[in-house]
Amino acid sequence: MTSSLRLRAGLVSIVLLAAFLGIWHLATRSSGTVAAMSPEYAKLMGLTATQGKSAMPGPLDVGAKLWEHLRRPFYDNGPNDKGLGIQLGFSIARVGTGYLLAVLVAIPLGFLIGMSPLLSKALDPFIQVLKPISPLAWMPLALYTIKDSSISAIFVIFICSIWPMLLNTVFGVASVRKEWINVARTLEVGTLRRAFTVILPAAAPTILTGMRISIGIAWLVIVAAEMLVGGTGIGYFVWNEWNNLSITNVIIAILLIGIVGMLLDQILARFTRMVTFPE
Amino acid sequence: MTDKFISIEGIAKRYPGAGGGTTAVFENLWLSMPRGEFCCVIGHSGCGKTTVLNILAGLDAPSEGAVIVDGQAISGTSLDRAVIFQSHALLPWRTVLGNVAYAVTSKWRSWDRAKVKEHAQTFIDLVGLTGSEHKRPSELSGGMKQRVGIARALSITPKIMLMDEPFSALDALTRGTLQDEVRRICLETGQTAFMITHDVDEAIYLADKIFLMTNGPGAVLAEVVENPLPKDRGRTDLHRHPLYYALRNHIVDFLVSRSKNFAAEKPDHDPRNVPVVLIGKPGLTIAADAKPEPPRETSWPGLSRPSTSS
Ligand SMILES: Nc1ncnc2c1ncn2[C@@H]1O[C@H](COP(=O)(O)OP(=O)(O)OP(=O)(O)O)[C@@H](O)[C@H]1O
Ligand SMILES: [Mg+2]
């Protein structure tokens with residue numbers, strides 16, 4: 001039953017993809033030779049003008065280019081010409097660093113806030129104000145104080161991924177079922193052991209949900225941040241290829257950004273499932 | 001006089017009331033239990049039974065008064081007093097063995113894994129869960145979960161077992177089996193047990209003493225009923241005992257009518273000297289003048305058998 005549903009859904013997905021690629025192909029294919037023009041002018045204008053080819057690349061162009069990239073993902077021909085693997089690697093490393101730093105701060109801090117009603121009330125106004133600030137708004141301040149574009153990007157990732165984790169940790173810790181706490185209390189379990197053996201496992205699904213939201217936001221933000229700071233990374237690659245007017249490369253980058261984002265989300269989803277136990 | 005293993009001395013519990021004042025769940029409550037006795041508390045919903053149990057467990061502090069266990073005033077929870085929670089309160093991320101082992105390691109911190117496991121296994125076997133050690137709570141039936149709760153409470157070899165309606169969520173059949181098991185275990189290990197129940201038959205089967213509480217707010221302990229049935233009573237032939245109906249009628253009668261207007265009827269009630277009712281012993285009993293209650297007039301779930309009260 002479910003397997004047949006999955007099979008049918010898979011088939012529909014393939015049909016939809018094929019239809020999309022087909023329409024894309026038809027919409028962007030060459031419309032044959034166009035009005036005669038002087039050969040010199042035609043040379044100048046390129047295929048777009050001479051063969052009625054759309055400026056938007058078709059799926060075959062993108063596929064061919066993608067194949068090229070996939071064969072040499074890690075080449076490095078100077079600052080403006082690096083393999084996609086290298087660019088993605090830079091982005092993932094930045095996201096990873098900023099995100100890990102945020103985990104290291106948000107989870108212990110969230111634990112403290114969640115366990116202390118006083119801290120929770122005292123810090124609430126700050127969190128409420130800081131949370132809705134667009135992470136990119138921090139960029140000038142970061143660039144000014146840190147004076148290093150790469151670290152500034154990491155800082156922006158840090159600041160954008162900290163809030164969902166912090167808030168979810170606080171909520172998860174504060175809403176641990178009273179009866180589980182009471183079990184620990186009747187067994188005279190000390191505060192530290194209680195935190196690790198009852199509160200952490202009980203709050204883990206909520207904390208990991210926060211971490212999953214965070215990684216999604218971090219991956220959204222890194223592209224914009226790298227467009228701003230430049231140098232390396234997939235965001236910079238997109239911007240650079242736009243300046244080179246290589247729409248093909250832009251499309252490839254978009255596709256890869258989507259795939260990496262999906263993978264990051266799936267990894268966190270798997271971790272969430274690992275710590276979630278039905279009652 | 002009688003040895004007071006547990007002595008609740010004049011406790012009160014007050015909560016901030018609606019109009020700025022305070023509402024007392026109960027005031028000046030006195031209650032004592034000798035060692036090795038099984039006591040049940042019966043009273044209507046909201047009268048403060050759970051509150052008393054939580055205070056006994058040390059999970060909650062009384063607004064006034066003290067609880068003395070084995071000659072010492074309690075302050076907070078203790079591994080000597082195990083609690084069986086109404087909602088079993090198992091940790092869902094731990095297996096059956098893990099849940100029991102958690103209690104065992106909490107009591108004996110220096111034990112190694114093998115010893116903890118062996119000890120936990122003994123109690124899992126005791127409640128008849130052999131073979132389910134590695135299941136998680138979500139894979140267990142309600143009755144099995146409650147058994148794990150019992151195994152967990154027993155595994156720390158407490159001096160006192162506190163049970164808050166432990167079987168109320170179970171079907172009649174499972175409840176009967178678990179009642180048998182709890183009774184056997186308590187008799188074998190000489191536990192002092194304090195149990196809240198809504199089921200009159202459960203109280204009659206299990207308890208040596210039954211505490212009757214009036215309705216809240218301002219609930220009082222109205223009577224202590226001594227169970228006249230022999231210690232070796234069986235669950236199935238309970239109702240054949242000549243004193244069974246007198247006892248049952250007395251309790252039901254209290255719940256149906258006297259619990260509501262107890263304060264008005266007995267203005268001279270002394271909370272420090274709660275009358276002890278001895279059913280079937282003329283001269284000492286008040287049951288004689290209590291008229292038997294026709295079962296139709298009440299919705300008290302304990303009246304219908306098999307009971308399905310919640
Ligand atoms: N945190 C609280 N704040 C205010 N009132 C409370 C609080 N906790 C309990 N109460 C009141 O105390 C009274 C006794 O509650 P308790 O849970 O002890 O009742 P109970 O006898 O165990 O009832 P039940 O049989 O339904 O479990 C109730 O009337 C309840 O409204
Ligand atoms: Mg209760």
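For clarity, every value in this text was computed on a predicted model and none was experimentally measured. The basis for the numbers below is simple: all heavy atoms, side chains too, and nothing from hydrogens, waters or symmetry mates. Throughout, protein chains are lettered first and strands after them, A, B, ... in sequence-line order, and every chain is numbered starting at 1.
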Exercise. What part of V275(A) is in contact with chain B, defined as an atom under 4.5 angstrom from a non-hydrogen atom: side chain, backbone, both or neither?
Worked result: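 It is neither, since no heavy atom gets under 4.5 Å.
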Problem set entry | Proximal component of A204(A), with respect to chain B [non-hydrogen, under 4.5 Å] | neither
Please say whether more than 12 non-hydrogen atoms of neighbouring residues, nucleotides or ligands are located less than 6.0 Å from [atom1] in [X].
X       : atom1 : value
F277(A) : CZ    : yes
L173(B) : CG    : no
Q128(A) : CD    : yes
F5(B)   : CZ    : yes

Exercise. Going by heavy atoms in the side chains, are P92(B) and W180(A) under 4.5 Å from each other?
Worked result: yes
Exercise. How long is the span from the CZ atom in R185(A) to the CG atom in D60(B), to the nearest 0.5 Å?
Worked result: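 One finds 8.0 Å between CZ of R185(A) and CG of D60(B).
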Exercise. At what distance, to the nearest 0.5 angstrom, does OG of S155(B) lie from CG of L187(A)?
Worked result: 8.0 Å
Exercise. Distance-only, no hydrogens or angles: does the T77(B) side chain make a donor-acceptor pair with backbone N or O of E188(A) under 3.5 Å?
Worked result: no
Exercise. So which heavy atom on S87(B) is nearest to which on E179(A), and how close?
Worked result: OG-OE1, 2.7 Å
Problem set entry | Exercise: do E279(A) and S138(B) side chains pair donor with acceptor under 3.5 Å | no
Exercise. In terms of side-chain heavy atoms, does R193(A) have a donor or acceptor partner in S106(B) at a distance below 3.5 Å?
Worked result: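 Looking only at side-chain atoms, S106(B) and R193(A) do form a donor-acceptor pair, the distance falling under 3.5 Å.
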Option that, when pairs with chain A are counted at under 4.5 Å, heavy atom only, ranks first among [options]:
options                          : answer
K107(B), R136(B), K145(B)        : R136(B)
L140(B), I156(B), L90(B)         : L90(B)
R81(B), R109(B), H88(B), E139(B) : R109(B)
A103(B), A153(B), S78(B)         : S78(B)

With a 4.5 Å cut-off on heavy-atom pairs, point out which of [options] contacts chain B the most.
options                            : result
G190(A), A202(A), P201(A), A184(A) : P201(A)
V183(A), V189(A), T276(A)          : V183(A)
V198(A), N182(A), I181(A)          : N182(A)

For this session: Pick out which of L79(B), I84(B), L162(B), L59(B) makes a side chain to side chain contact (heavy atoms under 4.5 Å, CB included) with T186(A).
Result: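 Result: among L79(B), I84(B), L162(B), L59(B), L59(B) is the only option passing the side chain to side chain contact (heavy atoms under 4.5 Å, CB included) with T186(A).
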